[in-house]
2 protein chains.
Amino acid sequence: MARNKDLNKQMRDERREQILSNALRLFAVNGLAATKISDIATISGFSQGLIYHYFRSKEDIFTELIREAFGKLNHAARELEKLPVPPREKIKIALEELLKSFEKSENFALSHLLIAQATVSDAIPKEAKKIIAAENMVPYEIITRIIIEGQKDGSIKQFDSNDLALVFWTSVKGLAMHRAAHGKKYKTPDKNILMSMFFT
Amino acid sequence: MARNKDLNKQMRDERREQILSNALRLFAVNGLAATKISDIATISGFSQGLIYHYFRSKEDIFTELIREAFGKLNHAARELEKLPVPPREKIKIALEELLKSFEKSENFALSHLLIAQATVSDAIPKEAKKIIAAENMVPYEIITRIIIEGQKDGSIKQFDSNDLALVFWTSVKGLAMHRAAHGKKYKTPDKNILMSMFFT
DNA sequence: GTCTATATCCAGATAGAC
DNA sequence: GTCTATCTGGATATAGAC
């Protein structure tokens, strides 16, 4: 009996993941308001009403996606900061990994795009706004700290560290947007271009 | 009589401009679907129904804004290319002017944001999609040509010219997004950071 | 030109059969 | 668990008074 329960729960979780993944693309590309529950249901292969067996509302799905997106991004940023390598290497690795992830995984780029759009928008659920307010500055702060370290040891250029961190993340977001907009036609740019803002 | 007609037309045009400017902020920030005609009417200071004396539909306003945004952007890009200065200077001027415009004019940043969001979205009017398809690549192509020129005379770094042009525009778009999201709290980053991707 | 009232449509969410 | 049918609310667009 416990077996069946576990199996059921697992199938339910898989279904939820499937819905979330489909919803991510639609929300990131078209936004919350322009995405219909019936769109999500259709590309997930079942009826409109069934969505409500897995989620309480459209806003719930959106909020869950925002939560996941920040969870992953900020976890990665914290792990990056802890790496036992010099600061210059951390920036290099971050840029490389971000570019590689954009190339490999459309969902990764979509997740960044979702965050970007949700951050500017007023028309999102209250709960999502709270998550953004709490989590949005974390990657920025971490990159700033790493940059300051790298400037102390002279391995990172002496621009204003806040400016550098700002340009780091805005450039990455811009790239995510482009990747999401152009899909398969997207070609990852040479990582050395972005790196030349930080290193001589 | 002709006097009165001209005056009426002028007032009408001013009113249209006012509506467009208010709509720009709402569309850029919240998107087409999440923006209600009544929102636009309210911040413009009149009733919901009156919008329809100036525009045929919500989609019409959106399309007009897209048309204007590309009109200005692509005009500026073409003027840039014609400037009687070396290619290296053109890139420098472009970056300077873009950063300065973001700082001075919120509408300028919003206009870039509108283009960025409309480019990724499927949920926009057909007519707007056509404009995007026709105009979207123009700035990219112009910057690519300028970069190639600058690489010939050795004044611009020898990265792949398409990659450089891509990073140029995605970085600018990322900055526009950030400017639009953070409004008055936005501080323009040191232009030399972005320039160091292009110049030694 | 401007407003109020309303027709119409559409999408989110629910109920209930299977 | 899944579907179909339906309730309900809200937004676009129109009509008509002033």
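So that the names make sense, note that chain A is the first sequence line, chain B the second, and so on, each numbered from 1. Since we're looking at a predicted model, the values are computed, not measured.
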- Query: Quick one: OG1 on B/T35 to CZ on B/R25, what's the gap to the nearest 0.5 Å?
  - Reply: 12.0 Å
- Item | Aromatic ring pairing B/F108/B/F102, orientation class (parallel under 30°, perpendicular over 60°, tilted between) | tilted
- Item | Salt-bridge contact A/E149-A/K152 (side-chain N to carboxylate O under 4.0 Å) | yes
- Measure the distance from CD1 on A/I40 to P on C/dA13 and round it to the nearest whole Å. 10 Å
- Any donor-acceptor N or O pair under 3.5 Å, side chains A/E127, A/T63: no
- Roughly, in whole Å, what's the span from CD in B/Q18 to C1' in C/dG1? 14 Å
- Terminal axes of the helix from C/dG1-D/dC18 to C/dC18-D/dG1 (5 end pairs apiece), angle rounded to 10 degrees, sit apart by 0°
- Query: Could you give the OH-to-P distance, from B/Y52 to C/dA7, as a whole number of Å?
  - Reply: 17 Å
- Query: Taking only side-chain nitrogens and oxygens of A/Y54, does any of them come within less than 4.0 Å of OP1 or OP2 of C/dA13?
  - Reply: no
- Item | Residue B/S47, side-chain heavy atoms: nucleotide from C/dC3, C/dG12, D/dA13 that is nearest | C/dC3
- Task: Please state how far atom NE2 in B/H53 lies from atom P in D/dA15, giving the value in whole angstrom units.
- Result: 11 Å
- Using whole Å, report how far CG of A/D60 lies from P of C/dG12. 14 Å
- Query: With a 4.0 Å cut-off, would you call A/E96 and A/K92 a salt bridge?
  - Reply: yes
- Task: Assess the side chains of B/E14 and B/Q10: does a donor N or O sit below 3.5 Å from an acceptor N or O?
- Result: yes
- d(CZ, A/R12; C1', D/dG1) in whole Å: 10 Å
- Task: Mark yes or no for whether B/N30, through its side chain, and A/D122, through its backbone, hold a donor-acceptor pair below 3.5 Å.
- Result: yes
- For the pair made of CG in A/L50 and P in C/dA17, what is the distance, rounded to whole Å? 18 Å
- Query: Can a salt bridge be assigned to the pair A/E81 and A/R145 using a cut-off of 4.0 Å between side-chain N and carboxylate O?
  - Reply: yes
Atom pairs under 3.5 Å: protein N/O with N/O of nucleotides 9-11 of chain C:
unit_1	atom_1	unit_2	atom_2	d
C/dA11	OP1	A/K36	NZ	3.3

- Quick one: is B/R56 getting a side-chain N or O under 4.0 Å of the D/dT14 phosphate, OP1 or OP2? no
- Task: Starting at atom CG of A/D39, determine the distance to atom C1' of C/dG12, rounded to an integer number of angstrom.
- Result: 13 Å
- Regarding A/D153 and A/S155, is there a side-chain donor-to-acceptor distance under 3.5 Å anywhere? yes
